[in-house]
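Please read the structure below before turning to the comments.
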Amino acid sequence: ETYRQMVSDYVFWYSVFLIPMALFYCMNQYSRNDGNPRLSSKAAVLLTVVNIIGDYIMVYPLRDLLGGVGGASFASGFANLCACLYVSSHFIFKKGQLRFSAFQPKAALYRKIMLRGFPEMISQFGAPITTYSMNNVLIRHLGNTAVNAYSVIGYASSLFASLMFGLAGGMQPLYGLSYGAKDDKSLKYYYKSGLIIATVGGLSVFALTFVIGKPVCILFGADPAAVEIVVRSLPKFCLNYVFASLSTVIAAYLFSTKRTVYAIPLNVFRSFVFSFLCINFLPLVFGYQFVWYTVAVAEAVCLAIALALWRLSERKGIVYR
């Protein structure tokens with residue numbers, strides 16, 4: 001009851017801006033793939049800056065207007081609207097090859113969109129399922145302080161996840177371009193480069209977690225009782241990025257090269273199956289403090305599956321369709 005009204009206010013104002021949010025995400029991808037990655041990056045920066053400034057204005061000076069939390073949601077939506085208008089300039093002023101124009105709806109087109117986008121859609125379910133499962137185990141067995149600590153770990157983790165998905169998103173057009181040109185050499189080069197960057201990035205993130213525990217707690221206002229848990233558990237939880245960064249790059253490689261039949265099961269395993277099973281059942285065997293390692297175990301298993309699916313997909317070489 002304490003939070004229900006605030007959550008309702010946030011969801012309401014967030015939903016008001018769903019269309020510009022969706023349009024921004026799509027057009028930002030299109031402009032990047034249409035040879036304008038700088039505009040795409042600038043739009044993302046604009047969204048972030050407007051969101052931060054808007055949050056301050058709506059939560060403090062104009063708090064009474066939308067009730068603080070609702071105002072923060074409005075600021076997020078308005079920032080997406082601004083970014084959407086900005087990135088649309090790529091198409092309005094004809095800075096690339098893509099244009100706004102009338103088109104004839106075709107079932108085959110929507111089928112292609114669903115097939116290509118389905119793996120990525122599935123992967124987006126991973127974070128809420130992990131969050132729900134972790135909170136469920138923590139609140140039942142380790143108490144409120146552990147839940148508070150996990151919320152702080154989640155904030156830091158979301159930043160690491162954005163770096164991971166940013167890498168996969170940046171590699172996607174390179175994979176697609178090479179695949180469309182039937183350029184084996186470039187495709188293999190980008191794939192190998194993606195794996196190297198993911199490995200170095202994942203290990204760097206893991207190493208960083210040993211020194212940023214207390215600063216993260218200060219930044220996000222953790223309770224004093226939660227600080228010790230965050231410092232101790234952040235490296236355990238973020239060990240998963242050593243494996244997840246590689247799996248994400250492999251998944252992007254598979255769905256960017258029309259291997260949806262391999263990308264879908266990989267993302268299903270990552271999002272729905274192993275995280276849920278490991279978080280909910282491994283603590284029963286190894287003790288509830290082991291819960292902080294469970295996501296890493298799940299991602300390690302999924303990485304093994306990802307490598308197996310990649311090898312299986314190329315057992316006869318790269319097939320162009």
Side-chain angles (χ1 to χ4, degrees), residues 1-11 14 48 51-64 66-73 75-76 126-164 202-242 244 275 278-280 282-299:
E1 293 299 327
T2 303
Y3 301 111
R4 181 172 297 178
Q5 187 58 49
M6 287 187 284
V7 171
S8 298
D9 292 342
Y10 193 96
V11 171
Y14 194 89
T48 304
N51 196 356
I52 292 172
I53 295 173
D55 277 343
Y56 172 78
I57 293 173
M58 298 304 295
V59 172
Y60 293 103
L62 300 181
R63 180 181 181 84
D64 294 336
L66 297 176
V69 173
S73 180
S76 297
I129 289 175
T130 297
T131 301
Y132 171 79
S133 298
M134 286 290 296
N135 278 328
N136 189 45
V137 172
L138 293 173
I139 197 69
R140 288 173 179 268
H141 301 286
L142 298 182
N144 291 341
T145 303
V147 175
N148 188 3
Y150 177 60
S151 68
V152 176
I153 291 173
Y155 293 138
S157 182
S158 65
L159 173 61
F160 300 147
S162 68
L163 296 174
M164 181 178 69
L203 291 172
S204 299
V205 164
F206 177 58
L208 189 63
T209 60
F210 286 93
V211 297
I212 66 170
K214 287 187 177 180
V216 166
C217 290
I218 295 171
L219 181 64
F220 293 110
D223 292 344
V227 173
E228 182 181 351
I229 299 177
V230 172
V231 172
R232 185 175 66 248
S233 304
L234 184 63
K236 299 175 184 177
F237 184 83
C238 291
L239 175 62
N240 83 85
Y241 290 109
V242 174
S275 288
C278 288
I279 293 171
N280 286 282
L282 287 184
L284 299 176
V285 179
F286 299 102
Y288 289 104
Q289 288 296 335
F290 189 79
V291 70
W292 302 108
Y293 285 111
T294 53
V295 178
V297 174
E299 290 292 354

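- For the pair I153 and M134, the minimum side-chain heavy-atom distance is 4.5 Å or more.
- At most 12 heavy atoms of other shown residues, nucleotides or ligands fall within 6.0 angstrom of atom OH in Y293.
- Contact detail for S76 and N51: the closest heavy-atom pair is OG-OD1, 3.2 Å.
- Taking each heavy atom of G213 and L234 in turn, the nearest pair found is CA-CD2, 4.2 Å.
- Across all non-hydrogen atoms, the minimal contact from K236 to A296 is O-CB, 4.4 Å.
- S151 places none of its side-chain heavy atoms less than 4.5 Å from the side chain of F220.
- With ring centers used as reference points, F237 lies under 6.0 Å from Y150.
- Here the closest non-hydrogen pair linking V230 and P235 is O-CD, 4.5 Å.
- Minimum heavy-atom separation, C278 to V297: SG-CG1, 4.1 Å.
- The shortest non-hydrogen separation linking V152 to A222 is CG2-CB, 3.6 Å.
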Please table the atom pairs, donor to acceptor, closer than 3.5 Å between any side-chain atom in residues 283-292 and protein atoms at least two apart or in another chain.
{"from": "W292", "atom 1": "NE1", "to": "S233", "atom 2": "OG", "distance (Å)": "3.4"}

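- Applying the side chain to side chain donor-acceptor pair (under 3.5 Å) definition to pairs two or more places apart or across chains, none involves residues 204-214.
- The side-chain contact (heavy atoms from CB on, under 4.5 Å) test applied to N280 returns S133, N136, V137, F276, not counting sequence neighbours.
- Atoms OG1 and CD, on T294 and E299 in that order, are 10.5 Å from each other to the nearest 0.5 Å.
- Taking a 6.0 Å sphere around CZ of F210, one finds it holds more than 12 heavy atoms contributed by other residues, nucleotides or ligands.
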